[in-house]
Amino acid sequence: MEKDNMELKMPPDKASSSQLPVLGLSVKRGLDKENVPEPKKKRARGPGTTATIAISHPRVPTMPRVKKQETAQKAPLKSGSWHTTAVNTGMKSRKPISAVSAPKPAVDPTTTRKGPSKRPAWDVKGQLCDLRKEFSACQEQTEVLTRENQELRNQLGEAEQHNKTLNAENKALKAENKALSGELTEVQVQAKQDRLELVKLGARVLELEELLHNQEGLIQSLQEEQLGLQGERRDLVTRLEAQSVQLQESTAALAKSQAEITAQAALLAKRAEHLHGLEMERRYLHNQLQELKGNIRVFCRVRPALPGEPEPPSGLIVFPPGPNGASDPPTRLSLTRPTDDHRCSIIGGLPGPVRYDFSFDRVFLPGSRQNEVFEEVSLLVQSALDGYPVCIFAYGQTGSGKTFTMEGGPGGDPQVEGLIPRAVRHLFSVARKLEAQGWSYTFVASYVEIYNETIRDLLASVGGARKCQGGECEIRLAGPGSKELIVTNAQYVPVTCEEEVESLLHLARQNRAVARTIQNEQSSRSHSVFQLQISGKHIGQNLHCAAPLSLVDLAGSERLDPGLSAGPAERERLKETQAINSSLSTLGLVIMALSNKESHVPYRNSKLTYLLQNSLGGSAKMLMFVNISPLEENFSESLNSLRFASKVNQCVIGTARSNKK
Ligand code: ADP
Ligand code: MG
């Protein structure tokens with residue numbers, strides 16, 4: 001019934017709203033657990049039940065569980081705490097709820113119940129009056145509570161609004177947090193990169209520190225070195241000072257020496273002049289000597305019997321000693337025809353050996369060595385440097401040793417080198433010595449062979465020797481007004497040393513070897529002519545001389561065997577032999593004509609004499625080697641050769657003139 005009263009006097013919305021969790025469910029629960037007296041007790045009190053209600057209501061606003069809500073950050077109800085939150089979250093200030101926490105009831109029910117004016121049971125009217133008072137107090141209380149409730153609702157709304165704001169703020173904060181997280185990640189990445197950079201920088205710093213350390217070491221060593229150098233510099237300055245003094249002394253001595261040198265130079269020039277006079281005198285005397293020896297000389301050389309050849313019978317060739325015995329160089333030889341020869345003469349009606357005596361400028365016995373032979377020739381060769389044309393022939397039958405004498409033996413052994421390489425070496429050597437006296441020489445070499453009145457160049461590239469390069473080889477004057485003769489299309493090679501000449505001789509040998517395989521043993525039936533054009537200049541004395549040195553390996557002088565049948569090969573051989581005989585006899589005729597001082601010298605009758613025109617005759621010095629085979633079987637040819645050479649030897653060609661200007 002009391003409950004019904006309460007429900008009747010309170011508006012339904014108010015009654016229900018008083019149950020709203022304005023202060024939160026926990027408030028209600030708090031009330032239930034702590035502040036609401038148990039129902040049994042209420043009933044036991046009887047009429048005091050209404051007082052229980054009155055007591056319970058004022059206690060609701062005190063809300064002992066408000067702290068829980070603060071913690072949950074819902075609706076802050078506690079005074080001060082709310083205010084603090086509002087300030088912290090930036091919300092506008094709110095009214096504190098002190099009215100709720102400390103409501104002042106219009107009537108104190110305890111005072112009513114416990115007051116001294118307690119009515120007796122029969123005083124119903126008085127009790128009713130009290131009840132009415134109490135009811136009116138309750139109504140007031142209810143109104144207060146309703147206001148409070150309303151106020152709390154308002155606060156709740158505000159709290160919700162605030163909550164929304166907070167949520168929005170929270171959202172914004174989350175977004176901000178997210179953005180910050182992104183930034184933080186970036187910052188972390190950046191920090192990571194920075195750390196790496198830092199590590200690198202640390203390594204670089206270490207490196208630089210090491211470098212610095214090294215540089216410091218270097219600086220220290222440089223400083224030490226500088227100190228050393230400064231010491232050295234001081235020493236050098238001291239030495240320089242000493243040397244300056246020495247230099248001054250030396251300069252004075254040098255000036256003195258220069259004066260002496262000038263005097264010596266004048267003396268030297270005088271002596272050079274004198275030397276030149278002596279050189280010219282030497283040339284004159286040398287020429288005189290050559291003239292005394294004869295401008296045409298004949299040397300006879302008898303080769304030894306070769307291995308495999310029959311030993312010549314003793315007495316076949318003998319070398320009678322000179323007037324002074326063995327100390328005289330041999331100049332004579334005698335050939336004695338073998339007694340079984342059908343051509344043995346009949347002396348005094350009795351058959352007997354016939355002796356043929358020959359005398360030459362020099363006779364070389366079979367054991368003579370190449371250097372001995374050259375010694376006799378060297379002075380003659382040297383005349384070519386003095387401007388005298390020099391011509392050396394080797395005459396004799398095939399196999400008598402002409403090529404051996406002129407070029408040398410096989411194998412390139414220096415011991416068996418012939419006249420040509422030795423003469424060339426000698427010329428270069430003497431020319432170098434004469435250079436010291438102011439002479440300078442140039443040499444031009446050529447090498448041709450004449451076969452069947454045809455000239456071939458032996459200095460053409462290998463294999464090209466059969467023809468002259470670029471056309472026929474003909475003998476022509478070197479130029480208009482020139483007396484010098486040259487072979488057209490033949491090589492004229494300037495040479496400066498013996499090695500160059502040696503390579504030319506090698507080339508000529510190769511060319512002849514090729515030719516030999518093409519035409520059977522042709523080389524023995526051709527004349528080969530090596531010529532060296534020598535030109536000398538003396539600038540100081542304005543002298544010039546030029547002369548050819550000709551070294552000729554003549555074709556075999558053997559006669560044609562009259563018993564040969566007249567086949568095509570023999571006819572060819574006959575033609576060859578006639579050409580050889582013709583050119584050799586022309587050579588003899590030319591020498592005779594020169595000797596007899598005939599007006600016409602038949603140089604042009606053969607290619608050989610025409611080519612050698614400037615090396616034969618008045619101004620030239622000639623030497624003929626007559627090469628003899630020691631063999632008995634070659635007796636007749638040896639005799640013929642010696643007879644030819646004897647004729648040449650009897651020739652005296654007029655005084656040689658040097659081609660000097
Ligand atoms: P040619 O040229 O007159 O036909 P070679 O010079 O070819 O004769 O000589 C014929 C051979 O005799 C060659 O084998 C050569 O080496 C040899 N011979 C010539 N003269 C001498 C010499 N004085 N001493 C040794 N061997 C010689
Ligand atoms: Mg020969």
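In each ligand, atom 1 is the first atom listed, and ligand 1 is the first ligand listed.
The Mg ion (ligand 2) does not have T398 among its coordinating residues (no N/O/S atom, backbone or side chain, under 2.8 Å).
With atom 21 (C) of ligand 1 as the reference point, the heavy atom nearest to it among F625, F364, Y395, F404 is part of F404.
Y603 pairs with exactly one of L612, T586, L594 by the side-chain contact (heavy atoms from CB on, under 4.5 Å) rule, that one being L594. Applying ring-ring contact (aromatic ring centres under 6.0 Å, His included) to F299 and the options F360, F364, F358 leaves one that passes, F364.
For T403, a nitrogen or oxygen atom sits less than 3.5 Å from a nitrogen or oxygen atom of ligand 1, counting backbone and side chain alike. Checking only distances, K402 does come within under 3.5 Å of ligand 1, N or O to N or O.
Formation of a donor-acceptor pair under 3.5 Å by the R301 side chain with backbone atoms of L365 is not found in this model.
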side-chain contact (heavy atoms from CB on, under 4.5 Å) evaluation trace for V298 with L623 | CA-CA 6 Å; V298 179; L623 172 66; over 6 Å; no
Would you sort out whether Q415 and R369 count as a side chain to side chain donor-acceptor pair (under 3.5 Å), showing the intermediate values?
-> CA-CA 8 Å; Q415 297 285 323; R369 301 169 70 87; 2.9 Å; yes
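Ring centers of F374 and H426: under 6.0 Å apart, within the cut-off. For Y441 and F428, the ring centers are positioned 6.0 Å apart or more.
In this structure, atom 24 (N) of ligand 1 lies nearest to the protein heavy atom P304 CD, 3.3 Å. Shortest contact from atom 8 (O) of ligand 1 to any protein heavy atom: G401 N, 3.1 Å.
By the 4.0 Å heavy-atom criterion, G409 is excluded from the residues contacting ligand 1. For Q397, the heavy-atom gap to ligand 1 drops under 4.0 angstrom. Distances from ligand 1 to the non-hydrogen atoms of G399 include at least one value under 4.0 Å. Residue contacts with ligand 1 include R301, since one of its heavy atoms falls under 4.0 Å from the ligand. Ligand 1 lies less than 4.0 angstrom from a heavy atom belonging to L306.
Side-chain contact annotation: S583 with S606, donor-acceptor N/O pair under 3.5 Å absent.
Taking a cut-off of under 4.0 Å to the non-hydrogen atoms of T398, the atoms of ligand 1 that pass are 4 (O).
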